[in-house]
Amino acid sequence: MHLSLVIPCYNEEESLPALFSALDGAVEDLIRRGHTVEVIIVDDGSRDRSAQLLREATTSRPWLQAIRLSRNFGQTAALAAGFSEATGEVIIPLDADMQNDPMDIPLLLSKLEEGFDVVSGWRHRRQDARLTRILPSAVANWLISRVSGVALHDYGCTLKAYRREVLRDVHLYGEMHRFIPIYAAWHGARVTEIPVRHHPRRAGKTKYGLGRVPRVLLDLLWVRFFWFYGTRPLHAFGMFGLLNIGLALLCFLLMVWFKYWGGKTFIQTPLPQLVVTLFGMGCLSILMGFLAEILMRTYHEAAGQPTFVVRERYLNGQAQPAGPLGRR
Ligand code: UDP
Ligand code: MG
């Protein structure tokens with residue numbers, strides 16, 4: 001198989017020498033197993049000597065390619081940059097800090113060969129700070145599994161293997177690289193996981209702490225919304241709008257009842273304000289739904305994006321594969 005390893009790198013000068021020698025070994029091993037390999041390291045606007053080390057490393061390694069982004073865009077964008085350059089049938093992201101072990105790649109590949117489209121690494125003995133990293137991540141993984149219906153133990157592990165088709169239509173924003181297996185599963189891909197090794201960070205510092213938690217939660221909300229209502233936003237906005245208008249009507253009836261039978265004038269209750277606010281919110285929400293609907297249709301029609309996914313077609317009794325996630 002033709003493999004692309006994609007490695008995001010931000011201020012990792014202390015880890016890079018070890019990474020290069022690990023890659024030398026891993027690439028040689030993969031080639032011996034009959035694969036062809038390219039390695040794409042994306043320098044995410046490092047301010048240390050990473051870029052220089054990368055350039056030097058490419059001189060003696062024909063399989064290595066380095067891309068330098070103009071500034072720090074974040075791990076997700078760095079991965080997206082690497083994916084867009086990758087030519088492999090199988091694309092394998094991993095970290096530059098040597099916390100993932102490139103020697104696990106054959107393990108991932110053997111799972112792919114069993115017929116899966118995505119194999120997710122699971123750092124079952126994760127070597128990070130317990131309180132600030134492992135605990136929030138355990139809660140997040142549980143929540144993401146519940147919300148997405150795709151049961152994985154470790155979305156955050158960078159080391160995963162994707163068949164090329166899976167990544168074809170995936171656009172990455174925010175902190176969303178962890179959600180690729182979810183997109184893929186929703187589009188019909190077969191997703192599985194295997195335990196992989198995880199090493200403590202030996203050099204340099206982690207780029208993340210607790211600040212990541214709210215961002216991942218917001219991204220999760222968005223992913224859920226987009227999946228359920230991406231092609232029919234009016235239903236989401238409209239339901240919320242109708243609910244508000246219904247409540248406004250209820251408040252209005254209560255207000256009238258109080259005036260004529262309950263012995264309270266309009267201004268003795270907060271109901272008039274509620275009627276106006278709820279009714280206004282309801283109308284606005286429905287109008288926003290129309291706007292969202294126009295945007296959605298513009299997107300699908302202008303980009304020629306269908307609202308469905310084809311897996312196979314049958315002609316003369318023969319199945320014609322369109323790739324695992326073929327959308328043509
Ligand atoms: N990284 C990146 N851009 C960033 C932050 C991180 O490319 O803005 C890279 C980093 O160099 C590393 C990987 O993403 O290769 C994971 O980062 P880190 O090791 O800090 O995260 P952790 O392993 O602690 O979750
Ligand atoms: Mg790390």
Side-chain angles (χ1 to χ4, degrees), residues 4-23 26 39-54 57 64-86 91-105 120-141 144 152-160 172-180 196-217 219:
S4 298
L5 275 49
V6 175
I7 308 179
C9 161
Y10 178 52
N11 292 346
E12 303 283 4
E13 60 178 1
E14 291 152 64
S15 308
L16 284 180
L19 176 72
F20 295 142
S21 55
L23 284 175
V39 178
I40 302 174
I41 304 190
V42 183
D43 173 37
D44 187 16
S46 297
R47 290 163 195 277
D48 62 2
R49 287 170 47 251
S50 297
Q52 190 190 332
L53 293 178
L54 281 171
L64 180 63
Q65 184 188 150
I67 302 174
R68 190 172 170 200
L69 302 186
S70 64
R71 65 165 170 87
N72 179 239
F73 285 91
Q75 190 186 354
T76 300
L79 282 169
F83 292 162
S84 70
E85 297 285 320
I91 298 175
I92 303 164
L94 63 153
D95 283 345
D97 57 3
M98 291 296 297
Q99 291 198 271
N100 297 134
D101 197 325
M103 287 302 175
D104 282 329
I105 293 173
S120 170
W122 167 21
R123 300 166 287 184
H124 65 313
R125 291 208 194 96
R126 186 165 167 187
Q127 309 287 328
D128 277 324
R130 252 170 229 282
L131 204 61
T132 53
R133 304 302 307 278
I134 299 186
L135 182 72
S137 148
V139 177
N141 282 315
I144 300 173
L152 291 181
H153 284 94
D154 193 0
Y155 292 92
C157 179
T158 311
L159 181 62
K160 298 187 191 306
L172 295 177
Y173 302 92
E175 288 277 326
M176 296 207 187
H177 62 270
R178 69 193 60 245
F179 298 129
I180 302 174
V196 294
R197 281 169 278 198
H198 193 243
H199 306 295
R201 202 183 231 281
R202 290 208 187 82
K205 285 200 296 279
T206 174
K207 315 290 179 294
Y208 302 109
L210 276 177
R212 192 179 225 190
V213 173
R215 281 180 255 154
V216 169
L217 284 179
D219 282 348

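Every value quoted in this text rests on a predicted model; they were computed, and no experiment measured them. Note that ligands are numbered from 1 as they come in the structure, with each ligand's atoms numbered from 1 the same way. This chain uses plain numbering: 1 for the first residue, then up along the sequence.
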Heavy-atom check, side chain of [X] versus side chain of [Y], under 4.5 Å:
X: I41; Y: L19; value: yes
X: L172; Y: F83; value: yes
X: Y173; Y: D219; value: no

Geometric N/O contact A78 with ligand 1, under 3.5 angstrom: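 No; the residue has no nitrogen or oxygen that sits under 3.5 Å from a nitrogen or oxygen of the ligand.
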
Is there a nitrogen or oxygen of D128 sitting under 3.5 Å from a nitrogen or oxygen of ligand 1?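 So ligand 1 has no N or O lying under 3.5 Å from an N or O of D128.
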
Holding to salt bridge (charged side-chain N to carboxylate O under 4.0 Å, His left out), I want the full list of residues that pass it with D44, two or more places apart in sequence or in another chain.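 Listed in chain order: nothing, the list is empty.
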
Return the closest protein heavy atom for [atom] as residue, atom name and distance.
atom: atom 9 (C) of ligand 1; value: P8 O, 3.8 Å
atom: atom 1 (N) of ligand 1; value: Y10 CB, 3.8 Å
atom: atom 24 (O) of ligand 1; value: T206 OG1, 2.5 Å
atom: atom 23 (O) of ligand 1; value: Q99 OE1, 2.8 Å
atom: atom 17 (O) of ligand 1; value: Y208 CE1, 3.8 Å

Which of the numbered atoms in ligand 1 are under 4.0 angstrom from any heavy atom belonging to [X]?
X: R201; answer: 18 (P), 19 (O), 20 (O)
X: E12; answer: 10 (C), 11 (O), 12 (C), 15 (O)
X: R133; answer: 22 (P), 24 (O), 25 (O)
X: A96; answer: 15 (O)
X: D44; answer: 2 (C), 3 (N), 4 (C), 7 (O), 8 (O)

Is it true that R178 and T76 share a donor-acceptor pair across their side chains at a distance under 3.5 Å?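 T76 vs R178: no donor-acceptor pair found between side chains.
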
With no hydrogens and no angle check, do the side chains of H198 and N100 hold a donor and an acceptor under 3.5 Å apart?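 No, N100 and H198 have no side-chain donor paired with an acceptor closer than 3.5 Å.
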
Using a heavy-atom cut-off of under 4.0 Å, does the side chain or the backbone of [X] touch ligand 1, or both, or neither?
X: K207; result: both
X: D95; result: both
X: C9; result: backbone

Salt-bridge contact R47-E13 (side-chain N to carboxylate O under 4.0 Å):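 The answer is no: the pair does not qualify as a salt bridge.
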
Lys/Arg N to Asp/Glu carboxylate O, R49 vs E12, below 4.0 Å: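 No salt bridge links R49 with E12.
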
How many N, O or S atoms of the protein are nearer than 2.8 Å to the Mg ion (ligand 2)?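 Number of qualifying protein atoms: 2.
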
Could you work out, with side-chain hydrogen bond (donor to acceptor under 3.5 Å, both in side chains) as the rule, every residue matching D154, not counting sequence neighbours?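 Scan of D154 (side-chain hydrogen bond (donor to acceptor under 3.5 Å, both in side chains), adjacent residues dropped) gives R123.
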
Under the side-chain contact (heavy atoms from CB on, under 4.5 Å) test, which residues partner A51, sequence neighbours left out?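 Applying side-chain contact (heavy atoms from CB on, under 4.5 Å) to A51 gives D43, R68.
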
Once you round to the nearest 0.5 Å, how far does CG of L217 lie from CD of E175?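 The CG atom of L217 sits 11.5 Å away from the CD atom of E175.
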
Nearest 0.5 Å, please: how far is CD1 in I40 from CD1 in I7?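 Those atoms lie 9.5 Å apart.
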
Donor-acceptor check, side chain of N141 to backbone of H153, threshold 3.5 angstrom: yes or no?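 The answer is yes, because a donor-acceptor pair under 3.5 Å joins these two groups.
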
Just to be sure I'm reading this right: ignoring hydrogens, which of L94, L19, N72, I41 gets closest to atom 8 (O) of ligand 1? Compare them by their nearest heavy atoms.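 Closest candidate by heavy-atom distance is N72.
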
With side chain to side chain contact (heavy atoms under 4.5 Å, CB included) as the test, pick out the partner of L159 among D101, I92, D95.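 Going through the options one by one, the only one that passes is I92.
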
Are any of the heavy atoms in D97 under 4.0 Å away from ligand 1?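 Flag set, D97 near ligand 1.
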
